[in-house]
Amino acid sequence: MNEQKPKEASVGNSSGVTPRAFFTGLVCSALVSGGTQYGEIFLRSSRMSDDFSTGGALFIFFFLVAGVNVLLKLIGPRVAFKPAELILIYVMMMTSCAITGMGLTHYQIPLMATLPYFATPENDWANLVAPYVRGWMVIEDPLACKYFFEGLPKGESIPWAVWLKPLAYWSVFFAAFYFVMIALMVILRKQWIEHERLIYPIIRVPLDMIGENNKSGLLAGFFKNPLMWLGFAFASFITSSIGLNAYYDYLPEINPLYPGITLSLLRESIQLRFMISFPVMGFAYLINQDVAFGLWFLDVVVKCLDGVFDTLGVYLQLRVNHYGGSSGIFSSTAIGAMLILVLYGGWVAREHLQDVFRKAFTTAPDVDDSGEILSYRSAVIGTLVSVVVMLVWLRAAGLPLWAGGLFLFIAFVIFIAITRIVVEGGMAACRAPLIAPNFMLYAVGTPALGSQGVTALGYTYGWSSDIRTFLMASIANGLKLLDDERFQGRKRPVFGCIVAALIVSLIVSFGMMLKLVYGVGGVNIHSWFCLGANLLPFDLVSTVVSRPIDVTGGMWMNMGIGASIMGILTILRHKFLGWPLHPLGLTVAGSRVMDWTWFSIFLAWLIKIIALRYGGPKMFRALRPFFLGMVLGQFVSAGIWTVIDGFTGMTDNMIFVI
């Protein structure tokens, strides 16, 4: 006890939750939100906030740490932000990244205005879809919808009032939804961080940028490492060649990034894409070798098997599989693998979960939750209440209670599984091979759901479809940042900071998107979000209402196969020391995002093997700043090009996709 007193004293002297850190975090969150809308929607530039790597946050944080904070240190050391304050600011920006782009805003806003404008006699949405849509969920004013997609006539103002009612109803659902995401990560934090010691690769860049608590100097050692700047320069050179080519097409473009080169095998039934993503490669260098091997190897195996099956005429046709993998067979096996990943994770955490529930419903003085941003009681009871709120909301939208329960269960299985993949596998980008709304169509059949239920599922596409980022993963990484010794003091106030960042980000991102879209017209400003993705839910509903889908036994069978293989691989990994194949990769094998990332993971895995074999741990550690420098270089370079594009009026200068 006596040994801990000095530490406790130091903790009290350097809290991260200060008024200036809080307000700076809000300002930075607003910059992330507004910049994401202007850059991604209006300029159609790089997708800085659309993945788990939170590139928009890294871009702003780079200038905050290497620019603003350096100036503050020159004024006086006491004036500069402390490491704990910088951690809080970054956590708030990560929160913003999770909802301002593809995580919510870019899909949710157009979805609410689509039906009245795009309903035509040809698609018959007026009869197939419209009768089953609850008016309080959508924009009912035809003119407001027309101006949303075509732009406001001269002299007209944005019809803010017509958006208030549906946004108010949706805010009830999202308040419950996001609380559950935060609470589940609070419940699992100690298990993942302290008991299983997962590595959380994505937080390494901001932590290295912050530097040590007691180190003097204007910049952290990370910024003084030549290899970091070499990696930074390498990524910046590649991305800048792409940016310059948009302005001067006679300058050569060096582009190993998206879309890359595709190798076709077996009469084009096997497609292997070779492209590089610097963030994926940088984070993959940090993860365990068996995890990296499992991610790329299982994806390649699944692609090859899918090609062989296709050649032999063995396939599972999923008539509606938006955002899913190209194979119906392996989309469903991956869901079975995700189910085992989450259930087995719960079994491993059973003792910790027992402690959580004892603390939630009894005093349990032996269980300490003082280091959490929420008490276990608040997290558990709040989760139960929030689930009830979501079920009631979905029931009001038209989804039967039993279906709502199953839908939320599989949706959160996917969210938890992908979050686990992010924090253990360092995946900068990831997507479910089969999204939850489409799973429901085949799992129970559309006759059981009814037209009203299918329509309600269609309107969940805004937050459950193209989930390349979501709040749960950002909170998981944020809690690991808060667990760092550089963040000291009470953590309970951080929950309020996160909520404030969420509110500011939603207001700014929703408001900015409406302003931009009404100014130019959605069909003119972004063809995917306003003329592509927003139509998919209605195509789904009209398709399955006119041609119902029965319970698909093949999907259930493949889920069982995927669960069995996942279980076998998990057992083998725990039974045999040195087993080289981690089962984590099975959960995303064959997904479309893995098509873009497997080669970067392979390269990082190969380089790490060579480094460890010929240089040992010393060489591995020496090369680490180079890989993190590539991550930072891509985002800083792409962010600068977005700023340049904003001043010059250049559009469609997309440096990277992932």
S509 and T105: CA distance, side-chain angles, deciding distance, side-chain hydrogen bond (donor to acceptor under 3.5 Å, both in side chains) verdict: CA-CA 7 Å; S509 63; T105 303; 3.0 Å; yes
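- The minimum heavy-atom distance between L207 and I87, with the atom names listed, is CD2-CD1, 4.3 Å.
- Taking the six-membered ring where the residue is Trp, the centroids of W596 and Y258 are separated by under 6.0 Å.
- For the residue pair K73 and L218, the shortest heavy atom distance occurs at NZ-O, 3.3 Å.
- The main-chain N or O of F81 is found under 3.5 Å from a side-chain atom of N69 such that the two form a donor-acceptor pair.
- In terms of modelled atom types and a separation under 3.5 Å, the side chain of S46 and the main chain of I655 share a donor-acceptor contact.
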Evaluation steps, ring-ring contact (aromatic ring centres under 6.0 Å, His included), between F470 and F52: CA-CA 8 Å; F470 49 82; F52 300 113; 5.2 Å; yes
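- Judged purely by distance below 3.5 Å, without hydrogens or angles, the side chains of Y247 and W641 never pair a donor atom with an acceptor atom.
- With respect to E372, the salt bridge (Lys or Arg N to Asp or Glu O under 4.0 Å) criterion is satisfied by exactly one of R492, R490, R189: R189.
- With hydrogens and angles disregarded, a donor-acceptor distance shorter than 3.5 Å links the side chain of E85 to the backbone of K82.
- Ring to ring, F278 and F656 are not that close: their centroids are 6.0 angstrom or more apart.
- Counting only N and O atoms by type, the side chains of S370 and D368 include a donor and acceptor under 3.5 Å apart.
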Expected list for residues 166-183: side-chain donor-acceptor pairs under 3.5 angstrom, two or more places apart:
from : atom 1 : to   : atom 2 : distance (Å)
W170 : NE1    : M137 : O      : 2.8
S171 : OG     : L167 : O      : 3.4
S171 : OG     : A168 : O      : 2.5

Stepwise side-chain contact (heavy atoms from CB on, under 4.5 Å) test for D51 and T469: CA-CA 5 Å; D51 293 315; T469 187; 5.6 Å; no
Evaluation steps, side-chain contact (heavy atoms from CB on, under 4.5 Å), between L479 and D483: CA-CA 6 Å; L479 294 181; D483 192 62; over 6 Å; no
Test side-chain contact (heavy atoms from CB on, under 4.5 Å) applied to I238 and N255, step by step: CA-CA 7 Å; I238 297 294; N255 187 7; 5.6 Å; no
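- Taking both residues in full, the closest heavy atoms of V508 and G34 are given as CG1-N, 3.7 Å, listed atom of the first, atom of the second, then distance.
- Considering every non-hydrogen atom in both G16 and L88, the closest pair reads O-CD2, 3.5 Å.
- A side-chain donor-acceptor contact under 3.5 Å links E40 to the backbone of S49.
- P201 pairs with exactly one of V422, N477, I287 by the side-chain contact (heavy atoms from CB on, under 4.5 Å) rule, that one being I287.
- Classification of the Y518-W163 ring pair by plane angle, with boundaries at 30° and 60°, yields perpendicular.
- Taking the charged nitrogens against the carboxylate oxygens, R468 and D50 have no contact shorter than 4.0 Å, which rules out a salt bridge.
- Listed for the K359 side chain is no donor-acceptor partner under 3.5 Å among the backbone atoms of R377.
- For D466 and Y107, the side-chain atoms include at least one donor-acceptor pair closer than 3.5 Å.
- A distance-only check finds a donor-acceptor pair linking the side chain of S474 to the backbone of M94 [under 3.5 Å].
- With respect to M92, the side-chain contact (heavy atoms from CB on, under 4.5 Å) criterion is satisfied by exactly one of C28, C497, S505: C497.
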Worked check of side-chain contact (heavy atoms from CB on, under 4.5 Å) between I640 and F63: CA-CA 11 Å; I640 290 173; F63 290 101; 4.3 Å; yes
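- Using modelled atom types, one side-chain atom of N524 and one backbone atom of V520 make a donor-acceptor pair closer than 3.5 Å.
- Ionic pairing of E196 and R420 is present here: one or more N-O contacts between side-chain nitrogen and carboxylate oxygen are shorter than 4.0 angstrom.
- The two residues A379 and V186 have their closest heavy-atom pair at CB-CG1, 4.4 Å.
- Under the 3.5 Å distance criterion, the side-chain polar atoms of Q37 are left unmatched by any main-chain donor or acceptor of F42.
- Ring centroid separation for the pair F635 and F62 does not come in under the 6.0 Å cut-off.
- Side-chain atoms of S240 never come within 3.5 Å of backbone atoms of F237 as a donor-acceptor pair (strictly under, hydrogens ignored).
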Residue pair S33, S96: steps toward the side-chain hydrogen bond (donor to acceptor under 3.5 Å, both in side chains) verdict: CA-CA 6 Å; S33 302; S96 179; 3.0 Å; yes
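- The backbone N or O of F415 sits less than 3.5 Å from a side-chain atom of T419, completing a donor-acceptor pair.
- For S378 and S375, the side-chain atoms include at least one donor-acceptor pair closer than 3.5 Å.
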